[in-house]
Amino acid sequence: KAYDIVENIWNSHKNYLGTQSQELKHFDITHYMANLFCPGEFYYYVIDSPTLTFDLVSKTSKDLLGIAPDEMSLQKLIDLLHPDDVIFMMKCEDIVAHFLKNNIPPEKMTKYKITYCLREKTINRGYRLFLLQTITIKTTTEGALLKVFGSHTDISHITNENNYRL
């Protein structure tokens, strides 16, 4: 019954639904997935932990930060942090490293997502509040980090106040 009502709603709007299906060609789901799960503008990356370099950086890093993907480095990323948030970031990273190494078995490290907020300097709009989320993708058998996926989402349109929580 609910389906019929929803279908009638969709059909009541002229030319809202197409009349003939078409095959998706060259569909990149990565962009759509990232856009769906990020409530604002975002960029993402994969860090190679042994070298502390980026294997991958999204093209949106250029639009948001003014740094082209092939020019991104951890040094440049950290240099964009608001000076008042640098100590907080250091404390978070220390707590995360201690927690993961001392409380989580290596085989479960990829099941944990780390989140906290930081202000980052953007190319056009000054400092903005970003939600930082990271997930370990790959570890050694002993639990040393090998690959980490990170996403930074501008949430300034939701709040401008950092709660300073990990």
Side-chain angles (χ1 to χ4, degrees), residues 27-166:
F27 181 69
D28 179 16
I29 194 144
T30 308
H31 172 74
Y32 288 95
M33 292 296 290
N35 198 22
L36 180 66
F37 292 112
C38 294
E41 293 181 277
F42 63 92
Y43 64 95
Y44 58 88
Y45 50 80
V46 174
I47 295 176
D48 178 69
S49 299
T51 62
L52 294 176
T53 59
F54 291 98
D55 284 348
L56 167 76
V57 178
S58 67
K59 294 175 186 171
T60 51
S61 68
K62 178 77 170 163
D63 301 331
L64 275 169
L65 308 175
I67 303 173
D70 61 340
E71 296 173 0
M72 181 67 79
S73 69
L74 279 174
Q75 179 68 53
K76 288 180 181 179
L77 196 55
I78 290 170
D79 287 347
L80 292 175
L81 297 180
H82 190 285
D84 294 343
D85 289 356
V86 173
I87 298 296
F88 172 68
M89 182 272 300
M90 291 176 184
K91 287 180 183 176
C92 287
E93 293 301 319
D94 188 37
I95 290 167
V96 167
H98 182 270
F99 174 76
L100 290 175
K101 286 308 295 173
N102 294 293
N103 298 294
I104 306 304
E107 66 276 7
K108 293 193 176 179
M109 287 181 70
T110 58
K111 307 252 186 249
Y112 284 78
K113 176 169 74 169
I114 308 303
T115 65
Y116 58 91
C117 296
L118 293 169
R119 290 171 289 176
E120 298 179 34
K121 191 171 188 178
T122 61
I123 188 168
N124 294 322
R125 295 182 287 172
Y127 286 103
R128 308 279 290 175
L129 187 62
F130 282 78
L131 171 63
L132 178 146
Q133 301 179 87
T134 60
I135 300 173
T136 301
I137 301 171
K138 189 168 182 60
T139 66
T140 64
T141 54
E142 297 82 28
L145 303 181
L146 291 174
K147 303 289 181 186
V148 175
F149 174 83
S151 172
H152 294 221
T153 305
D154 182 352
I155 59 169
S156 298
H157 61 289
I158 298 170
T159 184
N160 282 315
E161 292 192 30
N162 194 342
N163 64 12
Y164 294 103
R165 291 187 196 164
L166 174 62

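Heavy atoms only: backbone and side chains are in, while hydrogens, waters and symmetry mates are out.
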Close side-chain approach of [X] to [Y], heavy-atom, < 4.5 Å:
| X | Y | result |
| --- | --- | --- |
| I104 | K111 | no |
| Y112 | V96 | no |
| T153 | P39 | yes |
| E120 | L77 | yes |
| Y164 | D85 | yes |
| L74 | I47 | yes |
| L145 | M109 | yes |
| D63 | E41 | no |

Taking all atoms of both residues into account, what is the closest heavy-atom pair of [X] and [Y], and its distance?
| X | Y | answer |
| --- | --- | --- |
| R165 | Y116 | O-CB, 3.4 Å |
| L65 | K121 | CD2-O, 3.8 Å |
| T134 | G150 | CG2-CA, 4.0 Å |
| P69 | S58 | CG-O, 3.5 Å |
| K113 | Q133 | NZ-OE1, 2.9 Å |

For side chain to side chain contact (heavy atoms under 4.5 Å, CB included), just list the numbers for F42 and L131, CA-CA rounded to whole Å, side-chain angles, deciding distance to a tenth of an Å, and then say yes or no. CA-CA 9 Å; F42 63 92; L131 171 63; over 6 Å; no

L64 and R125: side chain to side chain contact (heavy atoms under 4.5 Å, CB included), yes or no, with the steps? CA-CA 9 Å; L64 275 169; R125 295 182 287 172; 4.2 Å; yes

For M90 and D94, run side chain to side chain contact (heavy atoms under 4.5 Å, CB included): C-alpha distance rounded to whole Å, both residues' side-chain angles, the deciding distance at 0.1 Å, then the answer. CA-CA 6 Å; M90 291 176 184; D94 188 37; over 6 Å; no

Angle class for the Y45/Y43 ring planes (parallel below 30°, perpendicular above 60°, tilted otherwise)?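 It falls in the tilted class, 30° to 60°.
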
